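Below is one structure, written out as structure tokens; the observations come after it.
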Amino acid sequence: FNLLPGLTARENVALPLLLRGDADPAKRVEECLAAVGLAHRGEHRPSELSGGEQQRVALARALAHRPALLLADEPTGNLDSKVGREIVRLIKALARQGGQTVVLATHSRDAAAEADRVLIMRDGSVEGEGLPS
């Protein structure tokens with residue numbers, strides 16, 4: 001999830017905003033943590049969070065500066081199937097809310113099934129479109 005272990009969830013989400021030069025990112029950080037259902041876990045460090053919670057913090061951090069494009073590489077790879085489905089649905093819902101385009105790379109058929117469009121790649125080339133049979 002590439003969260004910084006010495007920072008709290010709140011600090012991890014604030015980091016890209018601070019690096020961008022935002023003087024007071026507190027309001028946006030709270031909005032993002034609330035959007036992923038973790039406002040109550042803001043003072044916890046990554047080691048104190050479950051895998052699903054860590055992924056939610058990473059998602060909040062990725063969306064904090066309202067990017068036009070969100071690239072998600074195997075966002076469900078380290079999660080069980082139930083939590084993975086929740087994360088993909090959350091990504092989809094938050095991206096629609098914020099108007100972002102999401103490019104999600106995955107090996108998960110369940111994750112791909114949530115997409116508006118699926119491209120199948122093999123050995124670096126597009127092989128087809130739609131879910132594989």
Side-chain angles (χ1 to χ4, degrees):
F1 311 109
N2 294 317
L3 298 175
L4 297 174
L7 300 181
T8 66
R10 188 169 282 113
E11 292 165 337
N12 266 284
V13 175
L15 187 59
L17 298 172
L18 292 169
L19 292 173
R20 186 175 70 178
D22 289 11
D24 186 17
K27 181 179 178 197
R28 180 67 182 149
V29 169
E30 293 310 314
E31 290 171 357
C32 291
L33 285 173
V36 299
L38 290 177
H40 66 291
R41 303 283 279 165
E43 291 306 312
H44 290 80
R45 299 196 188 289
S47 63
E48 301 168 325
L49 301 171
S50 71
E53 288 172 328
Q54 289 180 47
Q55 187 64 295
R56 287 172 185 264
V57 172
L59 177 59
R61 182 183 58 195
L63 294 173
H65 57 86
R66 296 178 177 94
L69 175 65
L70 177 64
L71 301 175
D73 185 12
E74 294 287 355
T76 63
N78 296 326
L79 306 173
D80 66 45
S81 59
K82 180 180 184 256
V83 174
R85 275 190 305 277
E86 291 172 6
I87 291 296
V88 170
R89 288 182 182 143
L90 183 59
I91 290 170
K92 188 175 179 178
L94 291 175
R96 282 210 171 121
Q97 257 178 8
Q100 284 97 1
T101 297
V102 177
V103 175
L104 188 142
T106 186
H107 287 90
S108 166
R109 288 174 69 60
D110 289 340
E114 292 290 329
D116 295 329
R117 182 174 182 206
V118 176
L119 296 177
I120 301 164
M121 295 189 71
R122 184 178 313 275
D123 301 326
S125 298
V126 175
E127 186 175 84
E129 191 168 340
L131 291 175
S133 47

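Source: prediction; values computed, not measured.
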Take Glu30 and Lys27 through the test salt bridge (Lys or Arg N to Asp or Glu O under 4.0 Å) and record every step on the way to the result. CA-CA 5 Å; Glu30 293 310 314; Lys27 181 179 178 197; over 6 Å; no
Give the C-alpha distance, both sets of side-chain angles, the deciding distance and a yes or no for side chain to side chain contact (heavy atoms under 4.5 Å, CB included) between Asp110 and Val88. CA-CA 9 Å; Asp110 289 340; Val88 170; over 6 Å; no
Any Lys/Arg nitrogen of Arg56 or Glu86 sitting under 4.0 Å from an Asp/Glu carboxylate oxygen of the other? yes
Interatomic distance, Arg96 atom CZ to Leu94 atom CG [nearest 0.5 angstrom]: 12.0 Å
Within 6.0 Å of NE2 in His107, more than 12 heavy atoms from elsewhere: no
Rounded at 0.5 Å granularity, tell me how far CD1 in Ile87 sits from CG in Leu104. 11.5 Å
So do the side chains of Arg45 and Glu11 get within less than 4.5 Å of each other, counting heavy atoms only? yes
Where is the tightest heavy-atom contact between Leu79 and Gly84, given as atom of each residue plus distance? CB-N, 4.1 Å
Compare all side-chain heavy atoms of Arg61 with those of Asn2 and state whether any distance is below 4.5 angstrom. yes
Determine, step by step, whether Val57 and Val13 satisfy the side chain to side chain contact (heavy atoms under 4.5 Å, CB included) criterion, reporting the C-alpha distance in whole Å, the side-chain angles of both residues, the deciding distance to 0.1 Å, and the verdict. CA-CA 7 Å; Val57 172; Val13 175; 4.0 Å; yes
Please step through side chain to side chain contact (heavy atoms under 4.5 Å, CB included) for the pair Gln54 and His44, ending with a clear verdict. CA-CA 10 Å; Gln54 289 180 47; His44 290 80; over 6 Å; no
If hydrophobic clusters are built by linking Ile, Leu, Val, Met, Phe, Trp and Tyr wherever their side-chain heavy atoms come under 4.5 Å apart, do Leu70 and Leu17 end up in the same one? yes
Could you give me the CA-CA distance, side-chain angles and deciding distance for Arg89 and Lys92, then say whether side chain to side chain contact (heavy atoms under 4.5 Å, CB included) is met? CA-CA 5 Å; Arg89 288 182 182 143; Lys92 188 175 179 178; 5.5 Å; no
Are Lys82 and Asp80 close enough for a salt bridge, meaning some N to O gap below 4.0 Å? no
Once you round to the nearest 0.5 Å, how far does CG of Leu69 lie from CD of Gln100? 9.5 Å
Taking all non-hydrogen atoms of both residues, which atom of Leu3 and which atom of Pro46 are closest, and how far apart? CB-CG, 3.7 Å
Using the rule that Ile, Leu, Val, Met, Phe, Trp and Tyr join whenever any side-chain heavy atoms are under 4.5 Å apart, tell me whether Val102 and Leu59 fall into a single cluster. yes
Interatomic distance, Leu33 atom CG to Arg41 atom CZ [nearest 0.5 angstrom]: 11.5 Å
Can you tell me how far apart CG (Asp123) and CE (Met121) are? Round to the nearest 0.5 Å. 9.5 Å
Verify the cluster assignment for Leu7 and Leu38: are they in a single hydrophobic cluster under the rule of side-chain heavy atoms below 4.5 Å apart? no
Within 6.0 Å of CZ in Arg20, more than 12 heavy atoms from elsewhere: yes
Atom pair OG1 (Thr106) and CD (Glu114), whose distance is rounded to the nearest 0.5 Å: 11.5 Å
